[in-house]
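Notes follow once the structure below has been shown.
Below, chains carry the letters A, B, ... as their sequence lines are ordered, and counting in each starts from 1.
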Protein chains: 2
Amino acid sequence: MMPKEAAQEADQLDRLGFLLARHGAIANLRIQQAMAQLGLGQRHSAVLLHLGQGPISQQYLVETLGIDPSLVVSVLNDLERAELALRRRDPDDRRRHIVEITSRGLATIDSINNVVGAVERELFADLDAGELELLRELLNRVRISADDPPCGAPE
Amino acid sequence: MMPKEAAQEADQLDRLGFLLARHGAIANLRIQQAMAQLGLGQRHSAVLLHLGQGPISQQYLVETLGIDPSLVVSVLNDLERAELALRRRDPDDRRRHIVEITSRGLATIDSINNVVGAVERELFADLDAGELELLRELLNRVRISADDPPCGAPE
DNA sequence: TATTGTTATACTCTATAACTATA
DNA sequence: TATAGTTATAGAGTATAACAATA
């Protein structure tokens with residue numbers, strides 16, 4: 001049984017909000033699948049990318065990524081088991097862990113950049129460099145407020 | 001020349017793929033919250049919008065929205081309980097249900113359009129009409145393939 | 001007493017598969 | 001036998017909250 005009015009459909013499904021949400025979800029899914037090829041969930045990658053910038057505490061990850069402390073524990077357990085990161089006690093405050101990336105973790109960051117780059121080339125194959133810059137600029141001007149989910153947060 | 005740490009951050013977090021995924025997720029979340037004000041999940045709204053175009057079978061919803069038959073049942077149970085839609089047997093094939101929207105359901109579609117419109121005005125407040133058209137055009141040229149999730153599909 | 005991190009539990013969402021009734 | 005829809009169950013993913021250790 002087919003819908004009779006295609007015009008109405010255009011009204012409702014062409015809404016820019018829906019378009020952004022939908023194509024964003026597709027981009028997200030593609031990235032997710034690419035990460036999975038590396039054996040990483042999205043959060044694992046997000047944590048790893050942050051660790052790439054220097055040692056940090058778990059609390060910092062909780063705040064920055066906007067995810068639950070118990071999730072950080074679980075992700076770090078995985079990363080540590082895979083020898084991509086390691087935890088050690090902070091001598092200045094023995095409650096804290098200093099989380100560091102390993103050399104294997106650094107190599108994995110390169111892999112992440114490669115696979116995400118490949119996804120991007122696929123997604124944006126029909127846009128030239130100028131259009132990509134334009135899209136980036138327009139997306140950056142979409143209003144997101146302070147309480148929006150940081151990258152790596154659940155959906 | 002930027003310090004090395006900041007350059008790396010820009011490399012990784014400014015990736016257009018991440019930007020699209022992230023801002024799309026925010027748009028999605030806002031829409032979701034707006035729907036929730038009406039007591040509707042995203043799927044409820046998606047189903048309702050499709051019903052607005054005329055009576056359809058449950059099978060059609062399964063195929064169009066890409067969601068599981070059992071989920072369609074559950075969503076329709078909710079919609080029926082709220083008197084937004086109703087099911088009746090198809091006399092031509094008594095296995096099928098013909099699903100119709102009610103007048104209350106039609107009114108709810110108006111509400112959906114209102115709240116989503118409000119979300120869009122918020123998200124896109126810093127863009128003028130021409131820029132919105134440009135953004136729409138660029139988003140439409142992002143490559144999505146046949147097996148990408150239809151709207152209403154799980155994430 | 002407050003904070004950091006951990007563990008254990010419960011809950012939500014979804015897919016899977018078995019089932020009923022029609023064809 | 002195949003199809004439309006329904007129901008029941010199990011699994012993944014997540015939040016919640018209790019807990020241990022430091023401060």
Nearest 0.5 angstrom please: A:L16 CG to B:L139 CG, how far? 6.5 Å
When the distance from CD of B:Q58 to P of D:dA4 is rounded to whole Å, what number comes out? 11 Å
Which parts of residues 75-86 of chain B get close to DNA chain C, meaning a heavy atom less than 4.0 angstrom away? none
Using a cut-off of 6.0 Å, state whether more than 12 heavy atoms not belonging to A:R94 lie near its atom CZ. no
With rounding to the nearest 0.5 angstrom, report the CD1 to NE2 distance, B:I109 to B:H50. 10.5 Å
Write down the distance between CD (B:E63) and C1' (D:dA4), rounded to a whole number of angstrom. 11 Å
So B:I31 and B:V115, do their side chains get closer than 4.5 Å, heavy atoms only? no
From CD of A:Q32 over to C1' of D:dA12, roughly how many Å is that when rounded to an integer? 13 Å
B:R30 and A:S145: side chain donor to acceptor below 3.5 Å: yes
Length of the line joining A:I98:CD1 and C:dT4:P, which is rounded to integer Å: 14 Å
Check whether the side chains of B:Q59 and B:E63 place a donor and an acceptor atom closer than 3.5 Å, and report yes or no. yes
Is the phosphate of C:dT6, meaning OP1 or OP2, less than 4.0 Å from a side-chain N or O of A:R96? no
How does each nucleotide of nucleotides 16-23 of chain C score, in 5' to 3' order, for protein heavy atoms under 4.0 Å: base (B), sugar-phosphate only (S), or none (-)? B-----BS
Got a second to check how far B:H97's NE2 is from B:R88's CZ, nearest 0.5 Å? 11.0 Å
Atom-to-atom span, CG of B:L71 to P of D:dT6 - whole angstrom: 13 Å
B:H97 side chain: which of D:dT6, C:dG5, D:dT14 is closest? D:dT6
Return the value, rounded to whole Å, for the distance between atom CD1 of A:I67 and atom P of D:dT16. 14 Å
Side chains of B:V99 and B:Y60: does their closest heavy-atom pair fall under 4.5 Å? no
